[in-house]
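The structure under discussion appears below in the form of structure tokens.
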Amino acid sequence: MQPDDLEPCNRLCQSVYGFPRTGELLTALPGPHAFVAVRGGAIRAYTSGLGYFGHTVGGTVESICALLAFAPHMPSVGVIVPTGNYPVFRWCLDHGMRAVVTMTLMSRGVYHAPNGPYLPSIVY
């Protein structure tokens, strides 16, 4: 991920989550774990870091899987993969990843489910 990627990444995040994550991207940018998946000259997915403390957003399941396959993973217990996004979860199992722990998403107030594939951060 490069500084010029921030705007397209925020547009992608806005389309999936409904809001940008500029602060997290700026924090992740100088590090070695922020990556983008590009196809046809456009950013199709990005990660602030594959692990418990980074988040990942994609336009398609395939773009998330490309990051899982090729981007370096953060030092972490693993990656949080929502089972509700079954195609990504199934891809992970088919490619040697294993479920170690199951967690439940809990929210106070209004919750809007993401509108696309994602891998959440444990902290946000």
Side-chain angles (χ1 to χ4, degrees):
M1 184 183 293
Q2 302 297 320
D4 290 346
D5 297 332
L6 290 177
E7 183 59 34
C9 288
N10 270 322
R11 279 195 307 272
L12 182 59
C13 189
Q14 180 80 38
S15 71
V16 172
Y17 279 119
F19 54 87
R21 293 176 91 165
T22 308
E24 286 175 89
L25 292 176
L26 286 170
T27 300
L29 191 58
H33 302 290
F35 273 81
V36 295
V38 177
R39 186 170 192 182
I43 293 175
R44 305 299 182 181
Y46 77 84
T47 185
S48 65
L50 290 169
Y52 269 31
F53 301 103
H55 74 279
T56 303
V57 176
T60 65
V61 168
E62 293 78 15
S63 60
I64 295 279
C65 295
L67 286 173
L68 283 166
F70 297 108
H73 292 233
M74 300 173 83
S76 176
V77 175
V79 177
I80 300 173
V81 180
T83 56
N85 188 352
Y86 181 76
V88 174
F89 186 67
R90 181 79 253 168
W91 182 91
C92 290
L93 294 176
D94 289 345
H95 288 83
M97 297 174 87
R98 296 291 170 248
V100 176
V101 131
T102 57
M103 294 185 245
T104 301
L105 170 69
M106 292 190 280
S107 173
R108 284 190 169 182
V110 178
Y111 174 73
H112 298 282
N115 186 30
Y118 69 101
L119 303 175
S121 166
I122 195 137
V123 294
Y124 189 67

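Here, residue 1 is the first one in the sequence, and each next residue gets the next number.
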**OP:** Drop me the distance from Cys9's SG to Leu29's CG, to the nearest 0.5 angstrom.
**Re:** 9.0 Å

Subject >> Approximate separation, where rounding is to 0.5 Å, of Thr27 OG1 and Arg21 CZ >> reply: 11.5 Å

Can you give each donor-acceptor pair under 3.5 Å made by side-chain atoms of residues 76-83, sequence neighbours left out, with the distance rounded to 0.1 Å?
{"from": "Ser76", "atom 1": "OG", "to": "Tyr52", "atom 2": "N", "distance (Å)": "3.0"}
{"from": "Ser76", "atom 1": "OG", "to": "Gly78", "atom 2": "N", "distance (Å)": "3.4"}
{"from": "Ser76", "atom 1": "OG", "to": "Gly78", "atom 2": "O", "distance (Å)": "3.1"}

Subject >> CZ-NE2 distance between Phe53 and His33, expressed to the nearest 0.5 angstrom >> reply: 12.5 Å

Subject >> Residues clustering with Val110 (ILVMFWY side chains joined when closer than 4.5 Å, directly or via others) >> reply: none

**OP:** Answer whether the closest heavy-atom distance between the side chains of Leu119 and His55 falls below 4.5 Å.
**Re:** no

Original post:
When rounded to the nearest 0.5 angstrom, what distance separates CD1 in Ile43 from CE in Met1?
Top reply: 7.0 Å

Return a table of donor-acceptor pairs under 3.5 angstrom between the side chains of residues 56-72 and protein atoms on other chains or two or more places apart.
{"from": "Thr56", "atom 1": "OG1", "to": "Thr47", "atom 2": "OG1", "distance (Å)": "2.7"}
{"from": "Thr60", "atom 1": "OG1", "to": "Ser63", "atom 2": "N", "distance (Å)": "3.1"}
{"from": "Thr60", "atom 1": "OG1", "to": "Ser63", "atom 2": "OG", "distance (Å)": "3.2"}
{"from": "Ser63", "atom 1": "OG", "to": "Arg44", "atom 2": "O", "distance (Å)": "3.3"}
{"from": "Ser63", "atom 1": "OG", "to": "Thr60", "atom 2": "N", "distance (Å)": "3.2"}
{"from": "Ser63", "atom 1": "OG", "to": "Thr60", "atom 2": "O", "distance (Å)": "2.7"}

Subject >> Joint hydrophobic cluster, Val88 plus Leu105, side-chain heavy atoms closer than 4.5 Å >> reply: no

Subject >> Taking every non-hydrogen atom, the tightest pair across Val101 and Met103 >> reply: CG1-CG, 3.8 Å

Original post:
Are Ile122 and Met97 co-members of a hydrophobic cluster defined by side-chain heavy atoms under 4.5 Å apart?
Top reply: no

Subject >> Sub-4.5 Å side-chain heavy-atom contact between Tyr46 and Leu12 >> reply: yes

Subject >> salt bridge (charged side-chain N to carboxylate O under 4.0 Å, His left out) against Asp94, all qualifying residues, sequence neighbours excluded >> reply: Arg90

Original post:
Quick one: side-chain hydrogen bond (donor to acceptor under 3.5 Å, both in side chains) partners of Asn10, sequence neighbours excluded?
Top reply: Thr22

Original post:
Do Phe19 and Leu6 share a hydrophobic cluster (ILVMFWY, side-chain heavy atoms under 4.5 Å, transitive)?
Top reply: yes

Original post:
Taking only residues at least two apart or on different chains, which pairs with a member in residues 105-120 satisfy side-chain hydrogen bond (donor to acceptor under 3.5 Å, both in side chains)?
Top reply: none

Subject >> Spatial distance of atom OG (Ser48) from atom CG (Leu26) [nearest 0.5 Å] >> reply: 11.5 Å

Subject >> Minimum heavy-atom distance Ala34-Ala28, with the two atoms named >> reply: CB-O, 3.6 Å

